[in-house]
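Below, chain A is the first sequence line, B the second, and so on; all start at residue 1.
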Amino acid sequence: MSERKNPYPFDVFEPAWQATWDAEKTFKVLNPGEEGFDAGKPKYYVLDMFPYPSGAGLHVGHPEGYTATDIVSRYKRMNGYNVLHPMGWDSFGLPAEQYAIKTGQHPSITTYANIDTFRRQLKMLGFSYDWDREIATTDPAYVRWTQWIFLRLYHSYYNTELKKACPVSELEAKGWTREQIDNVRLAYVAEGMVNWSPDMGTVLANEEAEEWKSKGHIVERRKLRQWMLRITAYAERLIDELEPLDWPESIKLLQRNWIGKSMGAEVNFTCNGKTITVYTTRPDTLFGATYMVLSPEHDLVNEITTAEQKEAVTAYQTACAAKSDLERTESKDKTGVFTGAYAVNPVNGKEIPIWIADYVLTGYGTGAIMAVPAHDSRDYEFAVKFGLPIIQVVQPDTADTPWQDFCGYDGTMVNSEHLNGLSVPEAKQQMIAWLEEKGYGCGKVNYKLRDWLFSRQRYWGEPFPIVWNSEDGNHYAIPESELPLLQPEMEDFKPSGDPRGPLVKATDWIQYSENFTRETNTMPQWAGSCWYYLRYLDPKNNQAFVDPEVEKYWMGGNNPGGVDLYVGGTEHAVLHLLYARFWHKVLYDYGLVSTNEPFNKLVNQGLILGEDSQKMSKSRGNVVNPDDIVREYGADSLRMYEMFMGPLKEVKPWQTKGVEGISRFLARVWRVAMVENQEGEWVLSGKVTDVDNGEVTPVRKEVHKTIKKVTEDIEAMSFNTAISKMMECTNAMTGAATVTVSDYVQLLHVLNPFAPHLTEELYSRLRTQFATLPACQLCQQTWPTYNPEYLVENTKEIVIQVNGKLRDKITVAADAPKEEVEAAALASDRVKEFTDGKTIRKVIVVPGRLVNIVAN
RNA sequence: GCCGGCUUGGCGGAAUGGUAGACGCGCUCGACUCAAAAUCGAGUUCCACAAGAGUGUGGGUUCGAGUCCCACAGCCGGUACCA
């Protein structure tokens with residue numbers, strides 16, 4: 001490749017400005033109570049989703065969101081806000097541990113080396129973070145508070161009357177037993193079916209299982225004792241309090257679906273004196289129940305199964321247990337076995353056969369259903385396969401819809417005694433009231449959301465601050481004074497296949513005291529990311545996870561408070577964003593934070609695809625490395641290109657030619673003021689001048705239009721259109737003989753949040769010639785305003801249409817009355833041509849825009 | 001299957017119900033140059049001009065629809081027997 005001279009010397013001035021910002025702490029922001037803090041300024045908290053510092057380094061996807069937030073941060077600062085714009089590292093994680101297993105090197109070594117790379121790369125892009133607030137979730141000082149919050153959860157239960165977390169000590173005072181309390185803790189131990197990955201040697205959350213499966217890992221069901229967080233207690237609040245947030249509707253919907261609220265009823269059936277409770281969302285169809293299905297794992301299966309069915313039932317149970325999750329869902333073919341038992345339907349006393357089938361899940365509702373094959377597709381399929389009766393109880397309202405397998409709500413009840421003639425929703429209500437009156441059941445809300453499986457069998461995670469007593473078998477919290485509890489130094493991180501995880505090998509560490517041994521599980525990576533946005537507020541505090549006054553300023557203050565802008569990818573829609581909301585609510589219940597929600601406004605950036613419009617991946621060889629782009633075109637070009645590609649929220653393909661286009665644009669901005677002299681040095685050209693007679697030149701008009709447009713577009717986060725306007729403005733300057741300093745500096749000013757290096761460099765060079773320019777950096781000056789008078793046009797071009805088709809254009813005075821415009825339009829030769837021989841029926845005049853002549 | 005989102009030139013994308021294709025890429029031509037690169041200027045939806053057609057398809061509302069309404073198709077994402 002031939003040596004190419006850079007179109008402007010970004011390779012020199014970009015690192016220089018970065019060094020200046022670092023040395024002068026240009027973007028440091030003070031906290032309340034610190035000297036120099038300006039309490040008169042409003043706050044604005046702009047947050048990025050912090051990265052996992054992988055060995056691969058920064059990806060072009062990172063700077064997309066990070067540039068967007070950087071533009072907003074710089075813009076808000078120039079508009080007089082105290083802007084909190086921090087960065088940190090989500091640094092616990094499996095890759096570092098797997099690398100440690102391979103090499104024997106401690107995971108912290110790779111982790112902190114990767115952090116150094118990420119920090120260097122982010123600084124190379126000129127982001128205006130307050131680096132004094134940098135945090136890493138792996139830092140002992142951070143781990144301390146993650147564990148502290150965990151203990152808060154551990155010591156809490158959800159008070160269903162107050163609808164908030166309360167200390168379990170209240171229950172102790174009321175005389176609850178240890179066992180009763182353990183059953184309501186927000187952090188609890190339970191034995192249950194979990195996702196276990198034998199090759200990774202750990203369990204996974206439901207939310208994670210699919211992701212790892214798709215990466216080729218084995219995930220199977222196993223019954224294990226695990227730590228759980230009672231997120232289900234907050235299901236209702238997690239749905240209700242989502243509503244007012246300024247989030248994309250699609251993300252809200254994703255969360256709502258994940259939480260999966262449904263309203264129905266529990267109904268008690270009887271079987272030989274035993275009660276079997278089923279959950280249904282369609283109590284209106286109770287008269288159509290023709291059989292019952294229990295999940296194969298249901299507690300009552302063994303009790304009710306008759307002797308002659310025993311063998312078949314046991315065989316079916318065994319077969320189901322052996323099936324992995326994947327195998328179960330792979331085939332949707334219904335299978336099941338008759339138990340030989342019958343249940344009595346409370347509404348009509350009829351006996352219906354009880355089956356077991358794996359299409360009924362253990363974990364949802366009561367693990368038992370009444371089957372209404374006429375109006376539930378799954379029951380219908382099952383009934384057809386096994387020849388079970390099908391009774392119609394709903395008649396669809398639309399005439400030609402068959403009643404068989406009709407599951408809709410637009411129908412009228414039939415064959416249902418006292419419900420006959422009612423609509424489905426009416427019948428539903430009436431039946432619930434009836435069940436409650438008779439004591440046969442009650443209305444019931446259910447959620448798909450399961451409790452959060454919170455323990456992992458890993459080394460590189462926060463250890464649980466918990467010890468086990470060998471005498472009573474109970475778990476106990478270690479005192480806060482012992483936090484942080486760090487992992488022991490080890491050389492062998494390998495999973496042993498022992499479901500207690502690799503820490504069991506640290507025999508000294510485990511032994512807490514004579515009768516107490518440590519919990520060997522560690523927390524999932526999500527723990528650190530659940531509250532990192534709070535630690536940024538007060539990252540060095542060693543008295544509290546955040547000082548209350550500081551928290552109040554940054555998170556309270558404005559209405560509605562919280563993080564004012566949070567930008568990141570969609571991939572966290574139901575993981576991080578749900579977990580963090582849950583933790584935040586617990587902290588809120590204790591008055592430790594000011595708002596019930598952490599993130600007021602959320603924006604999802606769209607994925608950047610490779611040049612081939614495919615997802616970037618190593619195997620496809622279409623990955624773009626930010627380092628290469630910066631070396632070739634400079635940081636400003638990368639930043640601006642990523643903003644110019646298209647709307648922030650859309651998915652869009654990378655085009656290196658597009659970076660060149662942006663680079664050319666920045667070079668044109670440069671050359672408005674700069675020229676190369678004989679020695680090949682860049683010097684001020686003289687085109688930019690302080691001779692200014694105040695005339696409103698076309699360039700000045702363009703500048704003010706640009707200020708208006710860029711201001712509005714930053715507010716709307718429509719960065720691509722802001723950039724195109726600045727291109728138009730620059731083109732106007734390129735075409736002009738001279739440009740006044742004030743016009744040029746205003747362009748630099750609005751361009752500054754996008755291309756901070758170039759604009760500061762040009763500004764500082766201009767100052768060598770124009771001493772009246774303020775001495776501070778552009779980024780420390782006030783955002784420019786436009787003069788509306790400059791935007792007023794004297795004349796307007798009016799479009800003339802005949803029957804909606806463009807036929808002519810005329811120029812009229814901007815304030816020309818309607819009649820005049822209409823007359824001018826009708827006088828047009830082109831119009832006459834197209835209306836010739838026709839009658840003019842109507843003339844529509846839209847002032848300042850168009851005239852449409854309707855003729856036929 | 002269900003739930004979302006998207007669909008505009010050769011490409012990325014612009015368009016408060018009012019000139020479709022701003023801006024950029026690419027391409028063509030011109031200037032500069034011995035020449036090229038870079039730069040600057042002109043042009044660039046389709047059709048040879050005019051006429052006409054044109055925002056995934058088909059309908060509708062409107063003086064006027066990329067934009068609003070109805071139906072359908074394709075692509076992308078989420079979810080997956082949640083009773």
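Out of rU19(B), rC63(B), rG26(B), the shortest distance to the side chain of R849(A) is found at rU19(B). Nearest to the side chain of E797(A), among rU19(B), rA83(B), rG18(B), sits rU19(B). When distances are taken from the side chain of R664(A) to each of rG26(B), rA83(B), rG41(B), the shortest belongs to rG26(B). In this structure, the nucleotide among rA14(B), rG52(B), rG4(B) sitting nearest to the side chain of L253(A) is rG4(B). Closest contact between the side chain of Y359(A) and the listed nucleotides rC81(B), rU79(B), rC11(B) involves rC81(B). The E650(A) side chain lies nearest to rC6(B) when the options are rG18(B), rC6(B), rG26(B). Out of rG26(B), rC81(B), rA14(B), the shortest distance to the side chain of P647(A) is found at rA14(B). The side chain of F644(A) lies closest to rG24(B), out of rA14(B), rG24(B), rG18(B). When distances run from any side-chain atom of W258(A) to the nucleotides rA80(B), rG24(B), rA15(B), the shortest one goes to rA80(B). Listed nucleotides: rC23(B), rU79(B), rG13(B). Nearest to the side chain of P653(A): rG13(B).
For rU19(B), neither phosphate oxygen OP1 nor OP2 lies less than 4.0 angstrom from any side-chain nitrogen or oxygen of K809(A). Contact between the side-chain N/O atoms of R830(A) and the OP1/OP2 oxygens of rU19(B) is not found at any separation under 4.0 Å. Contact between the side-chain N/O atoms of S262(A) and the OP1/OP2 oxygens of rA83(B) is found at a separation under 4.0 Å. For rC3(B), neither phosphate oxygen OP1 nor OP2 lies less than 4.0 angstrom from any side-chain nitrogen or oxygen of R256(A). Proximity of R807(A) to the phosphate of rU19(B): no side-chain N or O atom is located under 4.0 Å from OP1 or OP2. One finds a side-chain N or O of Y364(A) lying less than 4.0 angstrom from the OP1 or OP2 phosphate oxygen of rA83(B). Of the side-chain N and O atoms in N720(A), none sit less than 4.0 angstrom from OP1 or OP2 of rA22(B).
Relative orientation of the Y8(A) and F10(A) rings is perpendicular, given thresholds of 30° and 60° on the angle between their planes.
One C1' atom belongs to rG26(B), the other to rG21(B), and the distance between them is 16 Å to the nearest Å. Taking atom C1' on both rC72(B) and rU62(B), the two are 23 Å apart, rounded to the nearest angstrom. Look at the P atom in both rG18(B) and rC75(B): the space between them is 33 Å, to the nearest Å. Distance check on atom P: rA22(B) versus rG78(B) gives 35 Å, rounded to whole Å. The same atom, P, is picked in rC46(B) and in rG54(B); the two are 16 Å apart, to the nearest Å. Nucleotides rA51(B) and rG4(B) are separated by 45 Å at their P atoms, to the nearest Å. Using atom C1' as the reference point in both rG5(B) and rC49(B), the two lie 43 Å apart (nearest Å). Rounded to a whole angstrom, the distance from the P atom of rG77(B) to that of rA50(B) is 44 Å.
Here I369(A) lies in heavy-atom contact (under 4.0 Å) with a base. Heavy atoms of N731(A) sit under 4.0 angstrom from primed sugar atoms or phosphate atoms, though from no base atom. If you check every strand for non-hydrogen atoms under 4.0 Å, G658(A) touches nothing. Within the nucleic acid shown, L254(A) comes within 4.0 Å of sugar-phosphate atoms alone, with no base atom in reach, counting heavy atoms only. Counting any heavy atom pair closer than 4.0 Å across all strands shown, V651(A) reaches sugar-phosphate atoms only and no base atom. Looking at heavy-atom distances under 4.0 Å, R668(A) makes contact with sugar-phosphate atoms alone, never a base. Within the nucleic acid shown, E249(A) has no heavy atom closer than 4.0 Å to any nucleic acid atom. Within the 4.0 angstrom heavy-atom criterion, base atoms lie near V846(A).
Pair assignment for rU61(B): none, as no Watson-Crick or G-U wobble contacts are both less than 3.5 Å. Nucleotide rG74(B) forms a pair with rC6(B), judged by Watson-Crick or G-U wobble geometry with both contacts under 3.5 Å. In this structure rA42(B) sits in a base pair with rU28(B), meeting the Watson-Crick or G-U test at under 3.5 Å. The base-pairing partner of rA20(B), taking Watson-Crick or G-U wobble contacts with both distances under 3.5 Å, does not exist among the strands shown. Across all strands shown, nothing is found opposite rC34(B) as a Watson-Crick or G-U wobble partner with both distances under 3.5 Å. Using the Watson-Crick or G-U wobble rule with both distances under 3.5 Å, rG1(B) pairs with rU79(B).
E822(A) and K818(A) are not joined by a salt bridge, as no carboxylate oxygen comes within less than 4.0 angstrom of a charged side-chain nitrogen. By the 4.0 Å N-to-carboxylate-O rule, E249(A) lies close enough to R256(A) to be salt-bridged with it. Under a 4.0 Å N-O distance rule, the pair E793(A)/K705(A) qualifies as a salt bridge. Between E702(A) and K709(A) there is no salt bridge, since no side-chain N of the basic residue sits under 4.0 Å from a carboxylate O of the acidic one.
The CD1-C1' distance, from I853(A) to rG18(B), rounds to 14 Å in whole Å. Rounded to an integer number of Å, the gap from CD of E611(A) to P of rG26(B) is 12 Å. Rounded to whole Å, the distance from CD1 on I800(A) to C1' on rU19(B) is 12 Å. What separates CG of D612(A) from P of rC11(B) is a distance of 16 Å, to the nearest Å. One atom, OH of Y409(A), and another, C1' of rA83(B), lie 10 Å apart when rounded to the nearest Å. In this structure, L806(A) atom CG and rG52(B) atom P are separated by 11 Å, rounded to whole Å.
At least one test fails for K334(A) against the ring of F382(A): distance under 6.0 Å to the centre or angle within 45° of the axis.
Checking K652(A) against I723(A), the closest nucleotide of RNA chain B that is more toward the 5' end is the one next to K652(A). Where E728(A) and K448(A) meet RNA chain B, the nucleotide closest to each residue was compared, and E728(A) sits on the side nearer the 5' end.
Note that CG of L850(A) and CD1 of I844(A) are 9.0 Å apart. Values are rounded to the nearest 0.5 Å.
Classification of rG9(B) as syn follows from a glycosidic angle within 90° of 0.
Heavy-atom neighbours of E679(A) CD from other residues, nucleotides or ligands within 6.0 Å: above the threshold of 12. Counting heavy-atom neighbours within 6.0 Å of Q429(A) CD, excluding the residue itself, gives a total of 12 or less.
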Practice item. Could you go through the side-chain contact (heavy atoms from CB on, under 4.5 Å) check for L607(A) and E650(A) one step at a time? Key: CA-CA 7 Å; L607(A) 203 64; E650(A) 300 308 316; over 6 Å; no
